2 protein chains.
Amino acid sequence: MDKTDLVRFEAQAQIMKALSHPTRLFIVHELAKGEKCVCELTEMVGADTSTISKHLSIMKNAGIVGHEKRGTSIYYTLKMKCVLNFFVCVNEVLKKNYEAQRAFA
Amino acid sequence: MDKTDLVRFEAQAQIMKALSHPTRLFIVHELAKGEKCVCELTEMVGADTSTISKHLSIMKNAGIVGHEKRGTSIYYTLKMKCVLNFFVCVNEVLKKNYEAQRAFA
DNA sequence: ATATAATTTGGTTATATTACCAAACAGCCA
DNA sequence: TGGCTGTTTGGTAATATAACCAAATTATAT
């Protein structure tokens with residue numbers, strides 16, 4: 001594996017990693033419906049505000065979400081819309097895995 | 001976030017996580033070109049055989065790759081073809097991130 | 001200017017991931 | 001059978017993630 005490829009794969013992995021947590025996936029799904037502030041997401045998830053803030057920070061750094069300040073709150077939006085197509089792909093795999101497991105039960 | 005959703009997001013996250021490592025992304029890219037045995041991938045990556053074997057095991061359990069024994073080797077293949085479309089999506093984000101960063105330099 | 005609400009940052013602890021080495025295992029073939 | 005090749009498993013140490021609490025920061029609005 002050459003150096004250039006490694007750098008690219010590391011960059012890709014960082015984005016994938018930013019999408020590899022249940023809470024972050026939930027947030028992505030919610031933002032797909034429309035913008036939300038940290039306080040709304042905190043309420044929905046039921047975790048500490050700082051925890052949610054850190055999750056958002058990870059996704060912001062990865063370029064997955066964007067944020068805009070309005071009034072006293074910061075509203076987050078989904079920038080990486082194409083990720084939604086991928087969930088279809090992931091769900092297909094989950095379905096196949098389920099069926100494969102079922103065949104042995 | 002309700003219980004059912006949590007279970008689904010956890011399952012999705014596990015698949016994403018299986019795709020969140022540079023070496024595993026490299027392997028996926030190689031398998032996209034055609035099947036490869038563990039020994040070939042080990043050679044290409046330049047890591048310990050056991051390391052590669054574990055990476056493959058993670059992706060096999062996630063349903064991303066499949067394997068077939070032939071002769072003395074085990075050949076791995078890419079089952080989750082739709083992941084390739086997602087790489088296009090990820091690369092778009094990387095490009096945007098790069099441009100955004102460049103605008104400040 | 002200050003009080004207030006919203007968000008981020010720092011600290012700590014628990015858990016997960018990853019790499020390598022060494023050893024076990026499997027199965028093909030002389 | 002017995003040796004070889006290829007692969008997986010177990011152990012260990014280093015690093016990375018993630019959760020919560022507490023404290024700092026920001027800026028809105030009185």
Side-chain angles (χ1 to χ4, degrees), chain A residues 1 6-7 9-28 30-31 34-78, chain B residues 1 6-7 9-28 30-31 34-78:
Chain A
M1 175 160 45
L6 179 61
V7 170
F9 288 129
E10 278 172 351
Q12 288 182 342
Q14 198 176 352
I15 291 184
M16 303 296 292
K17 219 184 282 187
L19 291 166
S20 297
H21 190 285
T23 298
R24 295 200 285 269
L25 290 176
F26 170 80
I27 290 172
V28 167
E30 285 306 315
L31 295 185
E35 62 173 21
K36 299 268 185 314
C37 66
V38 181
C39 55
E40 286 173 305
L41 292 168
T42 297
E43 163 82 22
M44 289 172 135
V45 173
D48 193 273
T49 312
S50 68
T51 300
I52 302 301
S53 175
K54 277 169 188 165
H55 282 309
L56 287 167
S57 170
I58 288 167
M59 291 198 286
K60 190 181 61 187
N61 289 335
I64 295 164
V65 301
H67 63 299
E68 184 192 333
K69 179 156 227 166
R70 226 166 44 247
T72 128
S73 301
I74 295 180
Y75 290 87
Y76 280 81
T77 53
L78 180 62
Chain B
M1 174 161 45
L6 180 60
V7 170
F9 289 130
E10 278 172 350
Q12 289 182 342
Q14 197 176 351
I15 291 184
M16 303 294 292
K17 218 183 285 188
L19 290 166
S20 296
H21 190 286
T23 299
R24 295 200 285 269
L25 290 175
F26 171 79
I27 290 172
V28 166
E30 285 306 316
L31 296 185
E35 62 173 21
K36 299 269 186 312
C37 65
V38 180
C39 54
E40 287 173 304
L41 293 168
T42 298
E43 163 82 21
M44 289 171 135
V45 173
D48 194 273
T49 311
S50 68
T51 301
I52 302 301
S53 176
K54 276 168 188 166
H55 281 309
L56 287 167
S57 170
I58 288 166
M59 291 198 285
K60 191 182 61 185
N61 289 335
I64 295 165
V65 301
H67 63 299
E68 184 192 331
K69 180 156 225 165
R70 229 169 37 249
T72 128
S73 300
I74 296 180
Y75 289 88
Y76 281 82
T77 53
L78 180 62

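Below, chain A is the first sequence line, B the second, and so on; all start at residue 1. Just so we're clear, the structure is a prediction, and the values are computed from it rather than from any experiment.
- You won't find any donor-acceptor pair under 3.5 Å spanning the side chain of B/Lys36 and the base of D/dG6, going by distance alone.
- At a threshold of 4.0 angstrom between heavy atoms, the contacts of A/Lys17 are confined to the sugar-phosphate backbone, with no base atom among them.
- Distance, A/Lys54 NZ to D/dA16 C1': 14 Å, rounded to whole Å.
- Annotation: salt bridge (charged side-chain N to carboxylate O under 4.0 Å, His left out) contacts of A/Glu40 (sequence neighbours excluded): none.
- The CG atom of B/Leu56 sits 12 Å away from the P atom of C/dA19 (whole-angstrom rounding).
- Looking at heavy atoms from C-beta onward, A/Lys36 lies out of side-chain contact with A/Ile27 at the 4.5 angstrom threshold.
- Closest approach to the A/Ile58 side chain among C/dT9, C/dT18, D/dA18 is made by D/dA18 (side chain taken as heavy atoms from C-beta onward).
- Regarding B/His21, its NE2 atom lies at a distance of 14 Å from the C1' atom of D/dT17, rounded to whole Å.
- In the set C/dC20, D/dT8, D/dC20, the nucleotide with an atom closest to the side chain of B/Ser53 is D/dT8.
- The distance from atom CD1 of A/Ile52 to atom P of D/dC21 is 13 Å, rounded to the nearest whole Å.
- Note: NE2 (A/His55) to P (C/dT7) measures 16 Å, nearest angstrom.
- Taking every side-chain heavy atom of A/Asp48 into account, D/dC21 is the closest of C/dT9, D/dC21, C/dA19.
- Remark: B/Glu35 engages B/Arg70 in a salt bridge, criterion side-chain N to carboxylate O under 4.0 Å.
- A distance of 13.0 Å separates CG in B/Leu31 from OH in B/Tyr75, rounded to the nearest 0.5 Å.
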Derivation and outcome, side chain to side chain contact (heavy atoms under 4.5 Å, CB included), residues B/Met1 and A/Met44: CA-CA 6 Å; B/Met1 174 161 45; A/Met44 289 172 135; over 6 Å; no
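- Remark: A/Glu10 engages no residue in a salt bridge (charged side-chain N to carboxylate O under 4.0 Å, His left out) (not counting sequence neighbours).
- Regarding B/Gln14, its CD atom lies at a distance of 9 Å from the P atom of C/dT17, rounded to whole Å.
- Each of B/Lys60 and A/Thr23 was assigned the nucleotide of DNA chain D with the nearest heavy atom; the assignment lying further toward the 5' end belongs to B/Lys60.
- Atom CD of A/Glu40 is separated from atom P of C/dA6 by 11 Å (rounded to the nearest Å).
- Classified by interplanar angle (parallel below 30°, tilted 30° to 60°, perpendicular above 60°), the ring pair B/His67/B/Tyr76 is parallel.
- Nearest to the side-chain atoms of B/Arg24 among the listed nucleotides C/dT18, D/dC21, D/dT7 stands C/dT18.
- Residues A/Thr51 and B/Ser57 each lie close to DNA chain D; by heavy-atom proximity, the contact nearer the 5' end of the strand is made by B/Ser57.
- Separating the CZ atom of A/Phe26 from the C1' atom of D/dA18 is a distance of 18 Å, rounded to the nearest angstrom.
- The stretch residues 61-75 of chain B touches DNA chain C through B/Lys69, B/Gly71, each having a heavy atom within less than 4.0 Å of the strand.
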